[in-house]
Amino acid sequence: MTSTITDSPKSTVRRTTLRFPGSPSKSMKRQGSTLSLASPTKLNVVKPDWDHEKIYQTLKRQGSSSASLQTTTDRFIPSRYTTSNSRVSTEQHLPPSNASPSEHIKAQSQIIYKRSVADACGIEVGQRILQYQPPPPVSKSLVQMNQSSNFSTASAGKGSMGLTIEPLRSRKISSNPERVLDAPGLVDDFYLNLLSWSCENQLAIALESSCYVWNANTGSVQVLSDCDHLISSVRWSEDGSYLSIGKEDGTLEIWDVESSTRLRTMKTHTGVRIGSQAWSSHLVSAGSKSGEIIINDVRVKNHITNTLHAHMGEVCGLEYRADGQQFASGSNDNTVCIWDSRSSVAQFTKTAHTAAVKALAWNPEINSLLATGGGSSDRHIHFWNTTTGARVNSIDTGSQISSLFWGSSNSFGREIVSTGGYPNNSISVYSFDHRIKVAEIENAHDSRIISAQLSPDGSTIATVGGDENLKFYKVFNQNKKREQSSAIAQGKQMSKIMTIR
Amino acid sequence: MPPTRSQLSLRGSAQLIAEFFEYSIHSILYQRGIYPVEDFQTVRKYGLNLLVNVDDDVKQYIKNIIKQIYRWISHDKITKLVLVIINKDDGETVERWQFNINIEDSAETTSGGDTQTETDTAAVQKDIQAIIRQITASVTFLPCLNSSDYTFNVLVYTDSDAPVSKDWVDSDAREIENGESVRFKSFNTNCHKVDTLVSYKLDQN
């Protein structure tokens with residue numbers, strides 16, 4: 001109790017002295033004398049040199065004033081002499097040797113004064129610091145990973161994603177087509193799907209009212225049918241043995257390609273063209289111009305099992321997920337619908353696109369990852385989680401997207417290839433994880449690319465453009481060949497089970 | 001035996017120092033990861049395997065700097081060469097590699113006897129080798145740099161009357177505040193003495 005009482009006035013006294021440092025108190029003076037170096041009066045570096053007596057002394061010692069200068073150290077920058085070697089300009093305007101002593105003294109003191117002022121200011125007399133102005137070049141081989149936040153999260157999951165922190169090189173893909181085929185009479189209509197590549201390596205292309213099947217293994221061409229109406233879409237069944245042809249009058253034909261025979265003709269009640277189709281085992285979904293999606297069972301007489309009304313515009317994209325549980329549809333009304341195959345109500349309707357959605361691609365590895373690409377006024381690829389309906393990512397491609405396909409490379413992991421129209425008619429490969437363009441084939445066609453298909457081995461993309469050419473470009477490496485061949489084997493097994501009566 | 005053969009002329013000395021700077025800059029750029037590893041190729045020099053950037057732009061950039069520096073050395077207009085490593089975002093200097101160039105006129109004046117320390121090329125090479133080894137080894141104590149965030153710049157301290165091409169502009173010293181510095185070995189030609197030191201910013205933690 002008592003101690004606290006005695007302490008408190010002392011502390012207040014101390015505080016008052018500290019509050020007014022300007023007032024000269026004895027204790028302060030004493031402290032100042034002990035810390036002589038820290039005293040501010042000693043900071044005047046120039047003064048001792050400026051003293052006349054000092055100048056006389058230095059002159060008596062025959063120049064070599066650097067010694068006296070060395071002593072004038074600065075409390076704040078004690079190491080100035082260690083970092084810079086004190087060069088002084090050699091141009092000294094000394095008076096002639098026969099001049100009067102006062103002139104000599106004047107000249108010498110001038111020099112010394114100049115030096116000490118320069119030193120006090122931290123300037124070296126007669127020295128310039130120069131900087132090489134052009135900026136150092138940026139390494140060309142390096143793809144700058146400057147979206148650091150995105151990349152750091154990716155690199156955190158390094159082990160699982162197979163990504164490395166090392167700078168990634170841009171992918172090199174050949175800009176020359178491996179093969180060019182003529183496609184005369186191809187209908188230049190963005191909303192039609194006139195190309196399909198089967199898992200048996202057969203490519204079907206519809207040219208006006210006839211369908212050609214080009215065997216990629218042998219190079220032979222087979223002509224299917226001569227219809228009375230224009231063909232608006234073609235699609236191989238999953239096992240590659242049947243081809244469905246959608247026509248302008250709304251009928252759907254199923255063909256056996258091996259025997260070149262028409263197995264079945266299915267009429268839809270709409271009577272308008274079928275622009276898109278998708279198979280899921282024995283079901284063919286057909287998207288019509290009026291916006292309906294008609295699901296046909298090819299095995300039964302009353303083939304229409306369901307009609308889905310969700311779109312207001314022509315359905316131009318239709319794609320089943322690999323396991324058939326979900327499918328996605330894109331339409332000219334700028335919406336994407338994600339459906340549960342069992343339900344007749346759309347799970348999600350996405351309105352993020354601002355143009356017709358034709359390009360749809362399900363990721364082969366991640367079941368719930370869907371990529372959709374918009375038309376000429378949208379130009380975006382959106383990635384969706386189809387379980388939650390959330391948008392995962394977006395890429396602005398800068399051109400109309402007519403098709404999208406997934407692939408992969410060693411350096412970038414998951415990639416997506418998109419085919420486009422104006423301005424470059426290019427085939428572009430984007431990295432999914434980094435959302436950057438990693439490769440591009442500019443001017444792949446002379447006109448916009450209407451439709452494209454990826455080969456069953458996942459390496460080559462077949463594109464057909466408004467210039468009536470069918471071109472084959474190798475965009476991915478065939479590192480997944482084994483998986484694909486096993487998938488083909490599976491497909492063959494399925495074909496045994498799946499037969500049309 | 002002719003003593004003039006092993007003695008380095010002023011011109012030869014400048015050449016040697018310029019070359020040393022070139023390889024040092026390449027080594028530092030490699031060691032500090034300013035450019036990706038893929039851009040570098042091994043070159044045999046000074047009895048060491050040195051890494052040299054093979055990117056044409058970078059090579060030419062350094063060559064241009066060295067060319068100018070050679071001119072300054074041979075006319076004795078330069079006192080320091082500084083390679084600063086700068087953070088791209090805020091322009092802060094994080095490392096400062098300084099090479100001091102001192103004129104060794106004492107060797108010239110006192111080289112009367114044969115027993116004088118004759119710094120022939122082999123000995124100089126040995127010294128340079130030691131310095132480059134030290135530069136390489138310095139990675140162990142220098143703070144880690146995240147490669148893509150940094151770039152470099154070259155400063156020189158010249159005399160005020162040195163001829164300057166338009167590529168060079170006045171600059172401040174770009175000193176590092178509260179930096180730590182480490183002095184390396186030095187080497188001596190008959191005409192010049194080169195000191196090397198690196199100062200670097202201490203890690204905050």
Side-chain angles (χ1 to χ4, degrees), chain A residues 66 74 76-92 114-115 118 121-152 154-156 164-172 410-411 434 436, chain B residues 29 33-39 53-62 64-65 68-69 72 77-80 82-84 86 88 96 98 100-102 146-149 151-162 164-175 181 183 195 197 199:
Chain A
S66 62
D74 192 322
F76 296 111
I77 314 163
S79 62
R80 177 166 294 145
Y81 288 97
T82 60
T83 55
S84 60
N85 70 344
S86 53
R87 264 201 189 191
V88 178
S89 71
T90 46
E91 34 175 331
Q92 292 173 354
K114 222 159 96 183
R115 285 185 198 177
C121 300
I123 301 165
E124 302 249 8
V125 180
Q127 179 168 294
R128 285 175 81 174
I129 303 175
L130 298 175
Q131 177 188 354
Y132 193 58
Q133 200 182 18
V138 178
S139 173
K140 285 191 287 282
S141 66
L142 184 75
V143 176
Q144 290 290 326
M145 298 280 96
N146 43 11
Q147 56 274 68
S148 53
S149 60
N150 184 30
F151 189 61
S152 63
S155 61
T164 49
I165 303 177
E166 280 113 57
L168 304 167
R169 286 173 176 283
S170 65
R171 286 242 340 251
K172 282 203 180 79
N410 294 331
S411 44
H434 306 305
I436 51 168
Chain B
L29 294 183
I34 306 301
Y35 288 100
V37 183
E38 293 94 328
D39 284 2
N53 200 317
V54 289
D55 189 312
D56 287 337
D57 288 350
V58 179
K59 234 160 85 182
Q60 195 53 49
Y61 182 80
I62 294 171
N64 289 345
I65 293 171
Q68 179 62 59
I69 284 169
W72 279 324
K77 294 291 182 200
I78 185 167
T79 56
K80 263 179 238 182
V82 180
L83 177 72
V84 284
I86 303 159
K88 268 184 200 165
R96 199 168 182 280
Q98 183 174 318
N100 297 340
I101 305 152
N102 298 319
N146 188 354
S147 57
S148 59
D149 301 347
T151 183
F152 72 102
N153 204 338
V154 172
L155 309 180
V156 290
Y157 287 55
T158 65
D159 292 354
S160 54
D161 57 345
V164 175
S165 67
K166 65 176 186 331
D167 282 344
W168 297 81
V169 289
D170 282 301
S171 161
D172 62 342
R174 284 190 183 269
E175 303 261 13
S181 57
R183 194 171 278 276
D195 287 319
L197 68 127
S199 11

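Letters A, B, ... mirror the listed sequences (proteins, then strands); counts begin at 1.
- Proximity to chain A is limited to the side chain of B/Asn153, based on heavy atoms less than 4.5 angstrom apart.
- With sequence neighbours excluded, the residues forming a side chain to side chain contact (heavy atoms under 4.5 Å, CB included) with B/Gln60 are B/Lys63, B/Asn64, listed by chain and number.
- Atom CG in A/Leu130 sits 5.5 Å away from atom CG in B/Asp170 (nearest 0.5 Å).
- Of all the heavy atoms in A/Pro134 and B/Asp167, the pair that sits closest is CD-O, 3.6 Å.
- Looking at B/Val164, only its side chain comes within 4.5 Å of chain A, counting heavy atoms on both sides.
- The shortest non-hydrogen separation linking A/Gln133 to B/Lys166 is OE1-O, 3.7 Å.
- A search for ring-ring contact (aromatic ring centres under 6.0 Å, His included) contacts involving A/Tyr132 returns B/Tyr61, B/Trp168, not counting sequence neighbours.
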